[in-house]
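Computed from a predicted model, the values in this text were never measured in an experiment. All residue numbers in this chain count up from 1 along the given sequence.
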Amino acid sequence: MKKKLISVILATALAAALAGCSGELSNEYVTVTQYKGLEVPQVTQSEDVTDEEVEQAIQSNLSAYAGREAVTDRAAQNGDIVNIDYTGYLDGVAFDGGTAEGAELQLGSNTFIGATDDYAGFEEQIVGHNPGDEFDIQVQFPDPYSVNTEMSGAVADFHIVLNSIEVEILPDLTDEWVQENSEESETVDEYREEIRAQLEETYQESIRSELSASVQEALLDKIEVKVYPEDVVNEQVEQMTEMYTQMAEMYGVELSEFLETYMQTTEEDFNADVLEAAQNTAAFDEAAKLIASKENLEPTEEEYDEKIAEYAEEAGAEDVDAYIEEVGEDVLKTAILREAVTDYLVDECIQVEQTDSSAE
């Protein structure tokens, strides 16, 4: 009898041990069937930062300190900054939003209406004209034209006055410029290495970001939902809907019109997408709590405070307490825990090379 009892106890202990090794975690909302060794698409490793990329970044930085010089002895060309007055007409009638005075435009930036099969673009028809010229051009709006669907494919005439032409004058890259504009470098050579290091860091952050998105998606596939936390899902739906409602107000339209015109979707599909996103977020956060508890990933109060201060700085908030009150302490702590768990999942994931068949 005693041997039989011992055998039962050992069998029970073995079963419990095997269950613990499976990596399965569960609470009243979700069951996580796996979280270690999640398989994700391999991030393609590019070559080291090139000298050309460094020079491009430096030129971009120099552009931020560029001055301007007026051009009076030649016609406009790509790269010039022109100041223009213009009036747009449809069938001889000026249309709303088609008139401006003193508008600045860099030719070749493709900011204004581009070329179609039958018509040249707005900017390329300014090239070749001199300061003081008045002239007319004809362009065709793209089809579809999301900014104003009523203008899609329409052919419009524009009367243009070319007020002035300017060119950007970049400062020379010298040790003196570096000393004035860099907190780390004293010489041009040091500055190039500083920029290279920044680009390498940016690249690594990009890889990490891609892996983070992949492991979150992979974990969702390993979550079995028992029931969604209704209050959390409803709060998420409310927040996302409010965000898009505010965006619609910025455009001066109702939410339904904003969704149809600018997002090319219906309110019904939008509501379904928002609900799915809210449910996925809630399920992931429940899984994150389980993983954090199992792997001792829960930040300390001091770590929470440091991370919240970091979030506030990134958001441009000067008062951390006011930032916490605006966003909500629970929301911030959830986001921080989500980040900690995602970092852990990235460290534990397995990158799998994608073949043509696996990518389909």
Side-chain angles (χ1 to χ4, degrees), residues 49-90 94-149 151-174 177-178 180-182 188 191-192 195 198-199 202 206 247 250-252 262:
V49 174
T50 65
D51 292 342
E52 182 181 358
E53 289 171 328
V54 171
E55 293 307 316
Q56 288 175 348
I58 289 174
Q59 290 302 308
S60 177
N61 291 348
L62 290 173
S63 294
Y65 296 87
R68 289 187 183 181
E69 185 177 280
V71 174
T72 58
D73 58 351
R74 63 166 175 79
Q77 59 189 31
N78 275 336
D80 289 345
I81 299 169
V82 296
N83 183 289
I84 58 174
D85 304 333
Y86 62 84
T87 305
Y89 300 90
L90 285 176
F95 59 87
D96 291 341
T99 300
E101 293 184 357
E104 282 198 345
L105 169 65
Q106 184 166 29
L107 300 181
S109 64
N110 298 317
T111 305
F112 280 33
I113 302 167
T116 63
D117 291 341
D118 299 319
Y119 296 88
F122 189 103
E123 296 172 29
E124 62 189 277
Q125 295 186 69
I126 296 176
V127 171
H129 289 280
N130 292 282
D133 284 358
E134 287 193 43
F135 52 96
D136 296 308
I137 66 172
Q138 197 169 56
V139 298
Q140 183 175 32
F141 283 88
D143 188 8
Y145 185 53
S146 60
V147 176
N148 183 349
T149 54
M151 301 290 286
S152 295
V155 175
D157 297 297
F158 281 88
H159 181 72
I160 297 176
V161 179
L162 179 52
N163 299 316
S164 64
I165 304 172
E166 294 181 322
V167 292
E168 280 190 343
I169 305 298
L170 268 60
D172 293 328
L173 181 61
T174 63
W177 186 90
V178 170
E180 290 177 3
N181 297 285
S182 171
V188 170
Y191 186 63
R192 285 197 170 93
I195 297 302
Q198 289 176 0
L199 292 174
T202 299
S206 176
M247 290 173 63
M250 290 172 58
Y251 282 82
Y262 298 98

| message | Keeping Thr87 on the side-chain end and Thr99 on the backbone end, is there a donor-acceptor pair under 3.5 Å? | response | no
| query | Does any non-hydrogen side-chain atom of Leu107 lie less than 4.5 Å from one of Val82? | reply | yes
| task | With rounding to the nearest 0.5 Å, note down the distance linking CG in Leu199 to CD in Glu53. | result | 6.5 Å
Scan the side chains in residues 59-67 for donor-acceptor partners under 3.5 Å anywhere in the protein, sequence neighbours excluded, and list what turns up.
| from | atom 1 | to | atom 2 | distance (Å) |
| --- | --- | --- | --- | --- |
| Asn61 | ND2 | Tyr191 | OH | 3.0 |
| Ser63 | OG | Gln59 | O | 2.9 |
| Tyr65 | OH | Asn181 | OD1 | 3.3 |

| remark: Residue set satisfying side-chain contact (heavy atoms from CB on, under 4.5 Å) with Glu134, at least two apart, ordered chain then number -> His159, Val161
| note | Shortest non-hydrogen pair, Phe122 vs Ile160, comes out as CZ-CD1, 3.8 Å
| request: Quick one: closest heavy-atom pair of Leu173 and Arg192, and the distance? | output: CD2-NH2, 4.0 Å
| query | Hey, do the aromatic rings of Tyr86 and Phe112 have their centres closer than 6.0 Å? | reply | yes
| query | Donor-acceptor pair, Glu123 side chain versus Gly108 backbone, under 3.5 Å? | reply | yes
| query | Can you name the side-chain contact (heavy atoms from CB on, under 4.5 Å) partners of Val167, sequence neighbours left out? | reply | Glu69, Val71, Arg74, Asp80, Ile169
| Does Gly79 offer a backbone N or O that forms a donor-acceptor pair with the side chain of Gln106 under 3.5 Å? | yes
| With sequence neighbours left out, what residues match Glu124 under side chain to side chain donor-acceptor pair (under 3.5 Å)? | none
| request: Look at the side chain of Gln125 and the backbone N and O of Ala120, then say whether any donor-acceptor pair between them is shorter than 3.5 Å. | output: yes
| Should the heavy atoms of other residues, nucleotides or ligands under 6.0 Å from CD of Glu104 be counted, would the total exceed 12? | yes
| Got Trp177 and Asp172 here, is their nearest side-chain heavy-atom distance under 4.5 Å? | no
| note | Note: Tyr119 and Gln138 closest approach over all heavy atoms is CE2-OE1, 3.4 Å
| pair Asn83-Glu166: side-chain heavy atoms closer than 4.5 Å | no
| field | side chain to side chain donor-acceptor pair (under 3.5 Å) partners of Ser109, counting only residues at least two apart | value | Thr111
| request: Identify, with sequence neighbours excluded, every residue that meets ring pair (Phe, Tyr, Trp, His ring centres under 6.0 Å) alongside Tyr262. | output: Tyr251, Phe258
| Within the side chain of Thr202, is there an N or O that forms a donor-acceptor pair under 3.5 Å with the backbone of Gln198? | yes
| Closest heavy-atom pair and its distance - Val127, Asn78 | CG2-OD1, 3.8 Å
| request: For residues Asn163 and Asp85, determine if any side-chain heavy atom of one lies less than 4.5 Å from a side-chain heavy atom of the other. | output: yes
| Ile165 to Ala75 - nearest heavy-atom pair and separation | CD1-C, 4.0 Å
| How close do His129 and Leu162 get, heavy atom to heavy atom, and via which atoms? | O-CD2, 3.5 Å
